[in-house]
Amino acid sequence: MTEPAPIAVALDAPDLETAARWASLVTPHVSTVKVGLELYLRYGPDVIASVRGANRVQVFLDLKLHDIPATVAGATRAVARLRPAFLTVHAAGGQAMIRAAVDAAPHTSIAAVTVLTSLKDTDLDAVGLAGPASHAVRRLAALAVDDGDQAVVCSPQEAAAVRAEVGQDITLITPGVRPEGVAAMDQARVATPEDALAAGADLLVIGRPITGVADPGAAAARIAAALRRTSGHRR
Ligand code: C5P
């Protein structure tokens, strides 16, 4: 039995049945499934048991919380009982907010989202964050880790710089992953799974390249096998 690959499959499905089906198809090959806002807001906490299935794959709850510390603490407590392996908050919410989340969920890794991988430098300019995305990412990663955060979400293109900033003990999670030949879609700062891993990512978030094809199980198995070959080479 081979180890599941360090991939979190984004279950961005329109309904619970589809999400549960995708989860059961990919679970033999990947370590984690990711539940995002669409599914969670439509179905609530029950969605977690549905996608976790009998074999208890890790659940990544991607709610990207961003509010005042007391509200984020309350929201984090509300979902901590579901025991997600990861829960996301926006690093831009600041240190007190991140600390509130960390304290509210002792059995969950709080993952700080730095800059969404869909944003380009010009988009950041438009929201008043001057300078290249990579600067904002490093600054936000350093701030998050300073406040007890255990995981950081960034694009694979910044993974090496963030790793240098935060050290080896932090879990680096990278969306914006596109296998060779697959369209970027709305992602702007992308890399292949092999390159993301080589840049220092610990967990790759992959959605539509797996869930958008006819056979999500086969797509997950193919990417997992490619990653095993890469990490074999690096050893
Ligand atoms: O389909 P795709 O591979 O683009 O899915 C990427 C997933 O990662 C989506 O669920 C998206 O919400 C999430 N994500 C992201 N950028 C971040 C954090 C999470 O794309 N910075």
Side-chain angles (χ1 to χ4, degrees), residues 6-12 31-52 56-117 119 127 129 133 135-155 158-159 161-176 200-205:
I7 295 173
V9 176
L11 303 175
D12 295 325
S31 66
T32 310
V33 292
K34 185 173 86 67
V35 170
L37 279 173
E38 182 179 355
L39 215 51
Y40 194 82
L41 292 181
R42 204 183 296 271
Y43 298 101
D46 290 350
V47 74
I48 303 300
S50 301
V51 302
R52 194 172 258 148
R56 320 275 304 163
V57 66
Q58 288 198 114
V59 172
F60 178 159
L61 193 49
D62 190 13
L63 299 184
K64 297 192 181 71
L65 302 177
H66 190 172
D67 211 312
I68 61 170
T71 302
V72 166
T76 304
R77 263 195 304 279
V79 295
R81 66 188 172 81
L82 303 170
R83 294 290 178 111
F86 299 97
L87 171 69
T88 47
V89 301
H90 271 291
Q95 290 194 307
M97 188 207 78
I98 294 167
R99 162 62 50 199
V102 169
D103 290 346
H107 303 289
T108 294
S109 285
I110 299 299
V113 176
T114 54
V115 174
L116 294 173
T117 43
L119 298 178
V127 295
L129 258 181
H135 289 189
V137 168
R138 286 176 66 167
R139 193 174 61 247
L140 289 165
L143 168 149
V145 167
D146 219 37
D147 248 275
D149 193 50
Q150 302 100 334
V152 168
V153 183
C154 63
S155 111
E158 293 112 27
V162 171
R163 175 64 76 205
E165 191 78 43
V166 302
Q168 294 304 317
D169 296 341
I170 301 295
T171 303
L172 272 196
I173 303 174
T174 61
D202 298 301
L203 184 65
L204 314 182
V205 176

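Only a predicted model underlies this, so the values are computations on that prediction, with no experimental measurement involved.
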Shortest non-hydrogen contact from Ile110 to Gln150? N-OE1, 3.0 Å
Report, one line per pair, each donor and acceptor closer than 3.5 Å where one atom sits in a side chain of residues 65-83; sequence neighbours left out.
residue, atom, partner, partner atom, Å
Thr76, OG1, Val72, O, 2.6
Arg81, NE, Ala78, O, 3.4

Would you compute the distance between atom CG of Leu37 and atom CG of Leu61 and round it to the nearest 0.5 angstrom? 9.0 Å
Donor-acceptor contact present, side-chain Glu158 to main-chain Arg138, <3.5 Å: no
With rounding to the nearest 0.5 Å, note down the distance linking NE2 in His107 to CG in Leu87. 14.5 Å
For Ser155 and Thr117, which heavy atoms make the closest approach, and how far apart are they? CB-CG2, 3.3 Å
So which atom in Ala133 and which in Val115 form the shortest heavy-atom distance, rounded to 0.1 Å? O-CG2, 4.5 Å
If I compare all heavy atoms of Met97 with all of His90, which pair ends up nearest, and what's the gap? CE-O, 3.2 Å
Could you tell me which residues satisfy side chain to side chain contact (heavy atoms under 4.5 Å, CB included) with Ala141, sequence neighbours excluded, listed by chain and number? Thr114, Val152, Val162, Val166
What are the two closest heavy atoms between Val137 and Cys154, and how far apart are they? CG1-CB, 3.8 Å
To the nearest 0.5 Å, what is the distance between CG on Leu63 and OG1 on Thr88? 6.0 Å
Apply side chain to side chain contact (heavy atoms under 4.5 Å, CB included) to Gln58 and list each qualifying residue two or more places apart in sequence or on a separate chain. Ser31, Thr32, Ala85, Phe86
First locate atom CG of Asp202, then atom CG of Leu172, and finally report the distance between them rounded to the nearest 0.5 Å. 5.5 Å
For residues 142-152, which residue pairs pass the salt bridge (charged side-chain N to carboxylate O under 4.0 Å, His left out) check, not counting sequence neighbours? Arg99-Asp147
Hits for side chain to side chain contact (heavy atoms under 4.5 Å, CB included) against Arg139, two or more places apart or cross-chain, chain-then-number order -> Leu129, Ala136
Can you give me the closest heavy-atom contact between Ala8 and Leu203, atom names plus distance? N-CD1, 3.9 Å
Calculate, to the nearest 0.5 Å, the distance between atoms CG and CG belonging to Asp46 and Leu39 respectively. 11.0 Å
Could you work out, with side chain to side chain contact (heavy atoms under 4.5 Å, CB included) as the rule, every residue matching Val57, not counting sequence neighbours? Thr27, Val33
So which of Thr108, Val35, Ile173 actually passes side-chain contact (heavy atoms from CB on, under 4.5 Å) with Phe60? Ile173
